[in-house]
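These notes concern the structure reproduced below.
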Amino acid sequence: MSTRTPSSIACTFELKLAINRHIDASTLFASPEGTDMHYSRLCALLIDCRTSDLNEAARFWGEALGRPVDPHHPGSRGNYLMLESPPDEPIVQIQRVDHESRVHIDIETDDIPAEVVRLTNLGAKVVDRLERWVVMEAPTGQRFCVVRVQRPGFPKNANHWD
């Protein structure tokens, strides 16, 4: 009889998510040391809005950017609303936050630890390590996130790092 650990349950969830999003599941199980060859690319533009009316914020940004709100997207839930995005373009997501309104980017990668090491070597610093992503800060103060693969077609248009 096999034992289901929290990490095996998380891997099962991530695998199901990958299958549902048509993502190559092999990209979910990268080296924990963060030293292997890996890929990364710009994934998303997140518009952080300190607002009580997320729908109104999403309506504004959708109209401003010419991208309708996609309330049926799997990423539209809770404090997040997705805008429709062409397959080869970064995702645009409207996010309700408690901090000051701002814009940040997500970098998607097939090896989060390796990408964090690469960016740290460039001068970024880790701000917070969360369950599925790492919040970092550039040497110039901008916050950004390193996330697992989110968009289909990865590693198309991604940078290859050794």
Side-chain angles (χ1 to χ4, degrees), residues 6-7 9-10 13-14 16-18 20-21 23 27-28 30 32 34 38-159 161:
S7 62
I9 292 167
F13 173 77
E14 294 291 333
K16 285 180 183 176
L17 183 64
N20 288 336
R21 290 189 176 176
I23 296 170
T27 65
L28 298 174
H38 70 284
Y39 293 88
S40 67
R41 68 180 179 186
L42 175 63
C43 172
L45 175 71
L46 286 93
I47 302 173
D48 298 347
C49 301
R50 184 168 48 185
T51 181
S52 60
D53 191 344
L54 185 62
N55 288 319
E56 179 58 24
R59 183 207 58 78
F60 169 81
W61 284 108
E63 289 182 18
L65 298 173
R67 293 183 173 199
V69 176
D70 185 356
H72 304 293
H73 188 285
S76 289
R77 65 195 184 290
N79 288 325
Y80 304 93
L81 282 172
M82 302 293 291
L83 301 185
E84 289 183 9
S85 296
D88 284 347
E89 291 187 17
I91 295 165
V92 177
Q93 186 173 45
I94 313 305
Q95 175 178 327
R96 182 182 7 243
V97 296
D98 293 329
H99 58 72
E100 188 174 328
S101 293
R102 61 184 177 215
V103 175
H104 78 267
I105 64 167
D106 282 358
I107 297 172
E108 68 182 336
T109 181
D110 57 353
D111 189 337
I112 291 175
E115 185 68 358
V116 168
V117 167
R118 185 183 78 80
L119 295 166
T120 301
N121 289 338
L122 292 174
K125 65 180 180 180
V126 172
V127 174
D128 199 5
R129 293 180 190 272
L130 301 164
E131 184 178 339
R132 295 178 303 180
W133 67 89
V134 176
V135 179
M136 299 191 75
E137 186 173 285
T140 50
Q142 294 87 358
R143 298 264 174 111
F144 62 97
C145 297
V146 179
V147 301
R148 60 179 165 59
V149 175
Q150 304 285 310
R151 297 189 296 140
F154 194 88
K156 182 181 178 187
N157 298 327
N159 295 297
W161 310 105

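Side-chain atoms are counted along with the backbone in the values below, which use heavy atoms only and exclude waters and symmetry mates. Positions are given from 1, in the same order as the sequence printed here.
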Flag, side chain of Arg118 to backbone of Val116, donor-acceptor distance under 3.5 Å: no

Rounded to the nearest 0.5 Å, what separation is found between the CD atom of Glu137 and the CG atom of Leu119? 13.0 Å

One should read off an interatomic distance between Ile105 CD1 and Leu42 CG, to the nearest 0.5 angstrom, of 5.5 Å

Tell me, yes or no, whether the heavy-atom count around His99 atom NE2, taken from other residues, nucleotides or ligands under 6.0 Å, exceeds 12. yes

Separation between CD (Glu56) and OG1 (Thr51), nearest 0.5 Å, reads 8.0 Å

Just do the side chain to side chain contact (heavy atoms under 4.5 Å, CB included) check on Val127 and Arg143 with the steps written out, would you? CA-CA 8 Å; Val127 174; Arg143 298 264 174 111; 3.5 Å; yes

Would you call Arg41-Glu108 a salt bridge at under 4.0 Å N-O? yes

So Val97 and Asn79, side chain to side chain contact (heavy atoms under 4.5 Å, CB included) or not? Walk me through it. CA-CA 8 Å; Val97 296; Asn79 288 325; over 6 Å; no

Could you tell me how the ring of Tyr39 sits relative to the ring of Phe154: parallel (under 30°), tilted (30 to 60°) or perpendicular (over 60°)? perpendicular

Using only atom types and a distance under 3.5 Å, with no angle test, would you say the side chain of Glu89 pairs donor to acceptor with the backbone of Pro87? no

Distance from Cys49 atom SG to Leu54 atom CG, nearest 0.5 Å? 7.0 Å

Where Val69 and Pro71 come nearest, the two heavy atoms and their spacing: O-CD, 3.2 Å

If every non-hydrogen atom of Ala114 is compared with every non-hydrogen atom of His38, which pair is closest and at what distance? CB-ND1, 3.5 Å

So does Asp98 have more than 12 non-hydrogen atoms from other groups sitting under 6.0 Å from CG? no

Any idea which heavy atoms bring Ala58 and Leu81 closest together, and the distance? CB-CD1, 3.6 Å

Note, Ser40 side chain near Ile107 side chain (heavy atom, < 4.5 Å): yes

Minimal non-hydrogen separation, Val135 against Cys145, with atom names: CG2-SG, 4.1 Å

Interatomic distance, Arg102 atom CZ to Ile47 atom CD1 [nearest 0.5 angstrom]: 13.5 Å

If I compare all heavy atoms of Arg67 with all of Pro86, which pair ends up nearest, and what's the gap? NH2-CD, 3.8 Å

In this structure, CG of Asp70 is separated from CD of Gln93 (nearest 0.5 Å) by 11.0 Å

Taking all heavy atoms of Met136 and all of Val126, pick out the closest pair and write down the distance. CE-CG2, 4.1 Å

